[in-house]
Amino acid sequence: MIMKKNMEDLIIIGGGAAGLAAAVTAKRAAPSMRVTVLEKKDKPGRKLRATGNGRCNITNTALATAPTTIAFFESLGIPAREDSEGRVYPFSESAPRVADVFTEHLKALGVNLWTNAPVRGLLVEKGCFTVDVEKEQLFGKAVILATGGKAGPSYGCSGDGYALAKALGHNVTKTLPVLTGICCAEMPEALKGIRVKGKLSLNCRDQVVFSEQGEIQFTDYGISGICVFNLSRYLKYLGEEKLEPYTIYLDLAPERSFASMLFSWRQDSVLGGKTCTDVVSGMIKPPLAALLLKQASINEKRKLSELSESEIFMLDEHLHLLSFKPVSTMGFKMAQCTAGGIKANEVDEKTLASKIMPGLYFAGEILDYDGPCGGYNLDHAFNTGRRAAEAAAAAFLQGGHHV
Ligand SMILES: Cc1cc2nc3c(=O)[nH]c(=O)nc-3n(C[C@H](O)[C@H](O)[C@H](O)COP(=O)(O)OP(=O)(O)OC[C@H]3O[C@@H](n4cnc5c(N)ncnc54)[C@H](O)[C@@H]3O)c2cc1C
């Protein structure tokens, strides 16, 4: 290896959740290691600052890695607490503060942080990594690629890391925007702004592929909310037919049936004389009542007493089976995460080291992983960042990498 003046022991490309966790961990494990973080934006952790609606949901107690993440945060001076659903937040509930604490640690530990430093090229030459940053070149004995995915390009993530990895021989699986709202066909304007609780299911070719209870928000484009975001992870574009095989069902009352109640109301002198619109609007939000009657093919002006037995059953069925046709997701611009990434079998599961290029590691969303809402994705970023850095530091302490 040729020794160059600006030779770093470890270059971390991307100063987001994974890159910041990697930098702190590397310097703690090997204080004499020269570590540089290259961040495209003017500040590190632009996306981290926006997470969890500004509260930063760092992990989830359902994850085996949660205690490690919580302990890591405590070691940074950030105690954490969980909510009733197992979501863990920093005690301060301040995402910007989390990013600032990382930055303060980088400075205190002696990590070299370059901001406004978009990496344009990465190659291996004469036994070391050559990193092209704008008009400059930096050389490194090891590299952690932590550039995130394509979700949320306004935070600096536009998939740059995939091209950098490909240039070193890696393959990238198909990437899709997930944890995002879903555009639906023929959404009635009147539904916009409505929020309902219910069970959302996704069917693909008559198979239930996802189901979750929660709050659904109707928007001008379709549906949103945490269970919709989680459902979006199961919408895989299927070639030319796109989302055609998928249907989303909303069960407004998963815990009960209304059939016997509707039958008794049908006999009631007052309720039986009401229109179906008035009856159903007393049960669910009025704009949804109109959609339900349309989907059940029941004229809204008909009186309840005029409905046949099968029509009553049809009404009850549609209270449990309102259907929506997804046509697309809201795309990477609005997505919180990227599905797909660096092919899993090309990366060592434990150390996150490339199996193709010695000295190269991956961390965070660039990997082929996506988790549901609730702290899974940040936990993955922090943990893969830490593990990659531990492995890089261990190799440094054992005499370095051989690129
Ligand atoms: C609005 C929003 C809220 C979210 N809330 C949560 C939450 O509460 N909990 C949770 O678990 N997950 C949440 N997520 C998902 C989570 O933020 C990501 O999964 C996580 O940040 C991924 O970490 P990362 O370090 O891999 O990538 P990022 O955090 O995206 O960081 C990648 C960094 O690399 C930089 N970069 C990219 N290309 C280059 C280049 N060529 N040169 C130099 N630098 C480059 C980027 O500027 C960026 O700073 C949220 C996402 C969004 C968009």
Side-chain angles (χ1 to χ4, degrees), residues 11-23 36-60 62-63 65-66 69 83 86-90 93 95 98-99 102-103 113-122 131-134 138 143-165 167 177-181 226 229-230 330 332-339 341-342 352 362-386 388:
I11 297 174
I12 299 169
I13 306 179
L20 291 170
T36 287
V37 174
L38 300 172
E39 168 52 45
K40 184 181 187 173
K41 297 294 257 188
D42 58 342
K43 262 186 182 181
R46 276 271 174 220
K47 188 185 283 177
L48 186 57
R49 288 166 198 275
T51 55
N53 280 328
R55 297 195 302 143
C56 194
N57 181 189
I58 55 170
T59 184
N60 194 296
L63 284 165
T65 43
T69 305
D83 70 8
R87 299 188 185 109
V88 181
Y89 295 89
E93 296 196 338
V98 168
F102 270 111
T103 315
L113 171 66
W114 282 20
T115 50
N116 295 309
V119 171
R120 310 258 188 236
L122 176 62
V131 182
D132 291 326
V133 191
E134 292 285 49
L138 198 66
V143 164
I144 298 179
L145 256 183
T147 47
K150 290 184 187 168
S154 61
Y155 303 112
C157 314
S158 39
D160 301 2
Y162 304 134
L164 300 176
V178 293
L179 303 191
T180 184
I226 288 178
F229 276 29
N230 287 339
M330 284 301 282
F332 283 112
K333 213 170 156 188
M334 303 296 286
Q336 288 198 358
C337 195
T338 311
I342 305 297
L352 285 314
F362 297 96
E365 201 174 308
I366 189 170
L367 290 156
D368 186 357
Y369 168 87
D370 65 283
C373 293
Y376 290 76
N377 291 298
L378 276 180
D379 182 278
H380 175 259
F382 295 132
N383 273 294
T384 50
R386 281 190 320 94

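Note that the structure is predicted; figures quoted are calculated from it, not measured. In this chain, numbering begins with 1 at the start of the sequence shown. In each ligand, atom 1 is the first atom listed, and ligand 1 is the first ligand listed.
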- Contact with ligand 1 for L48, non-hydrogen, under 4.0 angstrom: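 No, L48 has no heavy atom closer than 4.0 Å to ligand 1.
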Would you list the atom pairs, donor with acceptor, under 3.5 Å between side chains in residues 332-339 and any protein atom, with sequence neighbours excluded?
{"unit_1": "T338", "atom_1": "OG1", "unit_2": "K150", "atom_2": "N", "d": "2.9"}
{"unit_1": "T338", "atom_1": "OG1", "unit_2": "A151", "atom_2": "N", "d": "3.2"}
{"unit_1": "T338", "atom_1": "OG1", "unit_2": "E365", "atom_2": "OE2", "d": "2.8"}

Identify, for [atom], the protein heavy atom at the shortest distance, and state residue, atom and that distance.
atom	result
atom 51 (C) of ligand 1	Q336 O, 3.3 Å
atom 47 (O) of ligand 1	E39 OE2, 2.6 Å
atom 23 (O) of ligand 1	A381 CB, 3.5 Å
atom 7 (C) of ligand 1	G52 N, 3.7 Å
atom 31 (O) of ligand 1	G16 CA, 3.3 Å
atom 27 (O) of ligand 1	G148 CA, 3.4 Å
atom 43 (C) of ligand 1	K40 N, 3.3 Å
atom 25 (O) of ligand 1	A18 N, 2.8 Å

Distance under 4.0 Å to a non-hydrogen atom of [X]: what atoms of ligand 1 satisfy this?
X	answer
K41	47 (O)
N377	11 (O), 12 (N), 19 (O)
P118	42 (N)
A117	42 (N), 43 (C)
C157	30 (O)
V119	40 (C), 41 (N), 42 (N), 43 (C)
N57	7 (C), 8 (O), 9 (N), 10 (C), 11 (O)
G364	26 (O)

Short question: side chain of [X], backbone of [Y] - any donor-acceptor pair under 3.5 Å?
X	Y	value
K40	G156	yes
K41	S154	yes
N60	G374	yes
N230	C373	yes
N57	V88	yes

Between [options], flag the one that comes closest to [atom] by a heavy atom.
atom	options	answer
atom 12 (N) of ligand 1	L378, I366, D42	L378
atom 22 (C) of ligand 1	K47, E365, K333	E365
atom 38 (N) of ligand 1	D160, T384, T51	D160
atom 46 (C) of ligand 1	A151, G156, P153	G156
atom 32 (C) of ligand 1	T115, T338, T147	T147

- Message: For A17, which part has a heavy atom under 4.0 Å from ligand 1: side chain, backbone, both, or neither?
- Response: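 Near ligand 1, A17 shows its backbone as well as its side chain.
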- Item | Per-residue contact class, A146 against ligand 1 - non-hydrogen pairs under 4.0 Å |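 Only the backbone of A146 comes within reach of ligand 1.
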- Task: Kindly determine whether F382 and L48 satisfy side-chain contact (heavy atoms from CB on, under 4.5 Å), including the steps that lead there.
- Result: CA-CA 11 Å; F382 295 132; L48 186 57; 4.0 Å; yes
- Query: Side-chain contact, heavy-atom cut-off 4.5 Å: V37 with P44?
  - Reply: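 SC-SC contact between V37 and P44 ruled out.
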- Query: What is the distance from atom CD1 of I13 to atom CZ of F362, rounded to the nearest 0.5 Å?
  - Reply: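 If we round to the nearest 0.5 Å, I13:CD1 and F362:CZ are 10.0 Å apart.
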- Would you kindly say whether D379 and T65 are connected by a side-chain donor-acceptor distance under 3.5 Å?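 Result is yes, a qualifying pair exists.
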- Message: Could you go through L367 and L352, starting from their C-alpha distance and side-chain angles, then the distance that decides it, and tell me whether this counts as side-chain contact (heavy atoms from CB on, under 4.5 Å)?
- Response: CA-CA 9 Å; L367 290 156; L352 285 314; 3.8 Å; yes
- Query: What residues, two or more places apart in sequence or in another chain, satisfy side-chain contact (heavy atoms from CB on, under 4.5 Å) together with P90?
  - Reply: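 Testing P90 for side-chain contact (heavy atoms from CB on, under 4.5 Å), a comparison that skips the adjacent residues, returns C56, I58, I78, S92, V98.
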- Task: Determine, step by step, whether L63 and Y376 satisfy the side-chain contact (heavy atoms from CB on, under 4.5 Å) criterion, reporting the C-alpha distance in whole Å, the side-chain angles of both residues, the deciding distance to 0.1 Å, and the verdict.
- Result: CA-CA 8 Å; L63 284 165; Y376 290 76; 3.7 Å; yes
- Item | Neighbour count above 12 (heavy atom, 6.0 Å) for D42 CG |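 More than 12 within 6.0 Å, yes.
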